Colleague: 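Just passing along the structure, written as structure tokens.
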Amino acid sequence: AFVQGDLRAALTLLARLADRDFRAGEYGACLEGALRLLALDPCREDAHRLVMRCYVRLGERAQALRQFQVCERILRGEFDAPPEAATLALFELVRSAPEQV
């Protein structure tokens, strides 16, 4: 079984690998890693943003917009809170100027 420290280390590693894949232009691998991260911790907004950016880069803008809705629903359910400013800004960019994502 995972101990809390092991889970934290796994989440950190998954996030680093996903970021590396994104920087390398490996959007499919990045998406897979970010979704694995969200499976372990659905409240990670950084991972939701990464998923949104990957979907846009993969030409799936509608999926990116849906991912924002998933993020928003999770945060409202867990914390009764809206997404962070960075997540809202990315949503607006995906909505209005996806070529800039």
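Heavy-atom basis, side chains included; hydrogens, waters and symmetry copies ignored. Quick caveat: nothing in here was measured; it's all calculated off a predicted structure.
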Colleague: So, for V51 and A34, which heavy atoms are closest and what is the spacing to 0.1 Å?
Modeller: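 Closest heavy-atom pair between V51 and A34: CG2-CB, 3.5 Å.
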Colleague: What pairs meet the ring-ring contact (aromatic ring centres under 6.0 Å, His included) rule with one or both residues in residues 22-55, with sequence neighbours excluded?
Modeller: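 Qualifying pairs: F22-Y27.
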Colleague: Do C71 and E45 come close enough that some side-chain heavy atom pair is under 4.5 Å?
Modeller: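 Side chain of C71 against side chain of E45, heavy atoms only: contact under 4.5 Å found.
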Colleague: Any side-chain donor-acceptor pair under 3.5 Å between Q63 and R66?
Modeller: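 There is such a pair (donor and acceptor under 3.5 Å, judged by atom type) between the side chains of Q63 and R66.
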Colleague: May I ask you to decide if L65's main-chain N or O and R95's side chain share a donor-acceptor pair within less than 3.5 Å?
Modeller: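 Side chain of R95 to backbone of L65, a donor-acceptor pair under 3.5 Å: no, none is there.
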Colleague: Answer yes or no: are there more than 12 heavy-atom neighbours, outside R16 itself, under 6.0 Å from its atom CZ?
Modeller: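 It does not: R16 CZ has 12 such atoms or fewer within range.
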Colleague: Which value, rounded to the nearest 0.5 Å, describes the distance between L14 atom CG and L35 atom CG?
Modeller: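 Result: 11.0 Å between the selected atoms.
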Colleague: Would a hydrophobic clustering, with Ile, Leu, Val, Met, Phe, Trp and Tyr connected at side-chain separations under 4.5 Å, put L40 with L37?
Modeller: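 Yes.
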Colleague: Which heavy atom of T87 sits nearest a heavy atom of R49, and at what distance?
Modeller: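 What the structure gives for the nearest pair is OG1-NH1, 2.8 Å.
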Colleague: In terms of heavy-atom contacts, does CD of E32 have more than 12 from other residues, nucleotides or ligands at under 6.0 Å?
Modeller: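 Result for CD/E32: open.
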Colleague: So do D41 and R44 actually touch side chain to side chain, heavy atoms under 4.5 Å?
Modeller: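 Side-chain contact under 4.5 Å: yes.
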Colleague: Please report the shortest heavy-atom distance between A18 and C30, naming the atom on each side.
Modeller: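 Distance-wise, the nearest heavy atoms are O-SG, 3.1 Å.
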Colleague: Is there a continuous path of hydrophobic side-chain contacts, each under 4.5 Å between heavy atoms, that joins L31 to L13?
Modeller: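 Each belongs to a different hydrophobic cluster.
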Colleague: Can you tell me how far CG of L58 sits from CZ of R53, rounded to the nearest 0.5 angstrom?
Modeller: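 Rounded to the nearest 0.5 Å, the CZ-CG separation comes out at 13.0 Å.
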Colleague: To check you understand the geometry: which heavy-atom pair defines the closest contact between C43 and I74, and what is its length?
Modeller: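 Looking at all heavy atoms of both residues, the shortest contact is SG-CG2, 3.9 Å.
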Colleague: Is there a path from F91 to V101 through hydrophobic residues (I, L, V, M, F, W, Y) whose side chains come within less than 4.5 Å of each other?
Modeller: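 Looking at the clustering, V101 is in the same group as F91.
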Colleague: Under the side-chain hydrogen bond (donor to acceptor under 3.5 Å, both in side chains) test, which residues partner E26, sequence neighbours left out?
Modeller: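 For E26, no residue satisfies side-chain hydrogen bond (donor to acceptor under 3.5 Å, both in side chains) once neighbours in sequence are set aside.
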Colleague: Within this structure, what is the CG-CG distance for the pair L88 and L93, rounded to the nearest 0.5 Å?
Modeller: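 Reported to 0.5 Å precision, the distance equals 12.5 Å.
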Colleague: Roughly how far, to the nearest 0.5 Å, is the CD atom of Q100 from the CD atom of E92?
Modeller: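 Result: 12.5 Å between the selected atoms.
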Colleague: Are F68 and V94 side-chain neighbours, meaning at least one heavy-atom pair lies under 4.5 Å?
Modeller: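 Answer no - side chains too far apart.
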Colleague: Rounded to the nearest 0.5 Å, what separation is found between the CZ atom of R61 and the CE atom of M52?
Modeller: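 CE of M52 is found 10.5 Å from CZ of R61.
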Colleague: Looking only at heavy atoms, which two atoms of V56 and A64 are closest? And how far apart?
Modeller: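 The answer is CG2-CB, 3.7 Å.
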